[in-house]
2 protein chains.
Amino acid sequence: MADLDALTSRQREIYSFIRSKIQGRGYGPTVREIGQHFEIKSPNGVMCHLKALQKKGLIHREPNMSRAIQLLDDPAVAPPLAGLKLVGRIAAGQPIEAIEQDEELTFSDWVEDGGKFALRVIGESMIEEHIADGDYVVIKQQDQARDGQIVAVRDDDGEATLKRIFRDRGRVRLEPANKAMKPIFRDKVDILGILVGVVRKY
Amino acid sequence: MADLDALTSRQREIYSFIRSKIQGRGYGPTVREIGQHFEIKSPNGVMCHLKALQKKGLIHREPNMSRAIQLLDDPAVAPPLAGLKLVGRIAAGQPIEAIEQDEELTFSDWVEDGGKFALRVIGESMIEEHIADGDYVVIKQQDQARDGQIVAVRDDDGEATLKRIFRDRGRVRLEPANKAMKPIFRDKVDILGILVGVVRKY
DNA sequence: GAGAATTTCGAAAAAATGTTCTGGCGTGCG
DNA sequence: CGCACGCCAGAACATTTTTTCGAAATTCTC
């Protein structure tokens, strides 16, 4: 990635103006449009900045062509990963924005890789695992599971159910995480996938 | 969405040429560029098609401006939402892929709107709300909160802490969701935001 | 077949746009 | 201080680009 630090503040302004135009309406600004927005009365003033941006590798231009500005590190090509800034600790007195955030809470691993789906939790059968009624569980599709894993299985009635799985002398034991409920035993179960995440929305 | 069926084959060709240019290099073609590509020797030939496309509502043009073509049903404006298929019930015997999925579990509301951040939960203070150690909470930044809401507040030591908030005779009571812990009272608290989501990854 | 819509050509006018040159102002640096 | 550099004004020029006018071939419809 091109280092934005090497830009002057003016150049950064102009760069993001160009970007906003391209993303906002689908085509970039002309030299004069840029000048008008920043109250630069001479096209040459803008030309200087464009040349600087070009030299620093942020944009590419075709000579003698109107609006022919390409953004080189185009985020449209590499769409922003769906993520949230992960703020682990809050330094006293500092605004949140100032905190160093080198981590992100991303959902791309759930969304992009495929082979996963979500299921809305009904009931309290996994409440001791802190999976509550109304939560969503993210399930990775696979038909095998190891002992002790939490799996989504297809129940007798065709509904999906979430249980911890154990093999028990040739049979399968499905154990809820709720003392008020009893484990169920089956000779064979239809595993839909294993639990990889929980999401709750308020 | 505009019905592409109403287009002649020529118009469809030209429309997708414009689209490919915009998406490929970031700026659209000029009238002449379109003409050159389709071997239309007169700019007016192209103008006709552009006017037709405009009348049919597929593009928008600004008069007297070069390359000022906007695609109206632009899919780049509505990027694919990050989401998981939401499978509420599993029909017996059918493969998962075959289930009707009209709902999705999306994270775009957390990611796109801004003003939100994530915090890793340390400890068991909210365990009765089924927010466990190691979970991530999604916080919407705001400095006000209503009684009973779960909020992230900046603690004395500068750390963030998650508590349920109540106003109690001029003072603020912060109540953990854990019987083993006692509520704390403060004259004034620094609210970082309110809880809007919980995410757990296995 | 008449008429409308689609498609194209050719030429020319008008406007927009990119480019270059000259000059000026300020800031930081050796 | 001289000098490089960022920043901009103003004017002039070359090109590109849009737009219009007039005309025609083709296809489709009523």
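Each chain gets a letter, A, B and so on, in the order the sequences are listed, and its residues count up from 1. Note that this is a predicted model, so its numbers are computed, not measured.
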Would you kindly give the [atom1]-to-[atom2] distance between [X] and [N], to the nearest whole Å?
X: A/Ile14; N: D/dG6; atom1: CD1; atom2: C1'; value: 11 Å
X: B/Lys51; N: C/dT7; atom1: NZ; atom2: P; value: 14 Å
X: A/Gln36; N: D/dA9; atom1: CD; atom2: C1'; value: 16 Å
X: B/Leu50; N: D/dT19; atom1: CG; atom2: P; value: 9 Å
X: A/Tyr15; N: D/dG6; atom1: OH; atom2: P; value: 19 Å
X: B/Gln11; N: D/dT27; atom1: CD; atom2: C1'; value: 14 Å
X: B/Arg12; N: C/dT7; atom1: CZ; atom2: C1'; value: 16 Å

Where is the tightest heavy-atom contact between A/Gln142 and A/Ile191, given as atom of each residue plus distance? O-CG2, 3.4 Å
Do we see a donor-acceptor contact under 3.5 Å between the side chains of [X] and [Y]?
X: B/Glu39; Y: B/His37; value: no
X: A/Gln36; Y: A/Lys41; value: no
X: A/Arg67; Y: A/Tyr27; value: no

Per B/Ser42 side chain, nearest of listed nucleotides C/dT7, C/dG10, D/dG10: C/dG10
Any idea which of C/dC21, D/dG22, D/dC7 is nearest the B/Asn44 side chain? D/dG22
B/Lys55 or B/Glu39, whichever maps to the more 5' nucleotide of DNA chain C: B/Lys55
side-chain N/O B/His49 vs C/dT6 OP1/OP2, d < 4.0 Å: no
When you check the phosphate oxygens OP1 and OP2 of C/dC9, does a side-chain N or O of B/Lys41 lie under 4.0 Å from one of them? yes
What distance do A/Gln141 atom CD and A/Leu192 atom CG have between them, rounded to the nearest 0.5 Å? 8.0 Å
Supply the atom-to-atom distance A/Glu33 CD to A/Phe17 CZ, rounded to the nearest 0.5 angstrom. 6.5 Å
Summary of ring-ring contact (aromatic ring centres under 6.0 Å, His included) pairs that have at least one residue in residues 166-202 of chain B, sequence neighbours excluded: none
Is any side-chain N of the basic residue among B/Arg164 and B/Glu129 closer than 4.0 Å to the acidic one's carboxylate O? yes
Look only at the side chain of B/Asp190 and the backbone of B/Val153, and say whether a donor-acceptor pair between them is shorter than 3.5 Å. no
When you compare the protein's N or O atoms with those of nucleotides 16-18 of chain C, which come within less than 3.5 Å of each other, and at what distance?
from	atom 1	to	atom 2	distance (Å)
C/dT17	OP1	A/Arg67	NH2	2.7
C/dG18	OP1	A/Arg67	N	3.0
C/dG18	OP2	A/Val31	N	2.7
C/dG18	O3'	A/Asn64	N	3.1
C/dG18	N7	A/Arg32	NH1	2.8
C/dG18	O6	A/Arg32	NH2	2.9

Could you work out how much the helix from C/dG1-D/dC30 to C/dG30-D/dC1 bends, comparing the axis of its first five pairs with that of its last five, to 10°? 30°
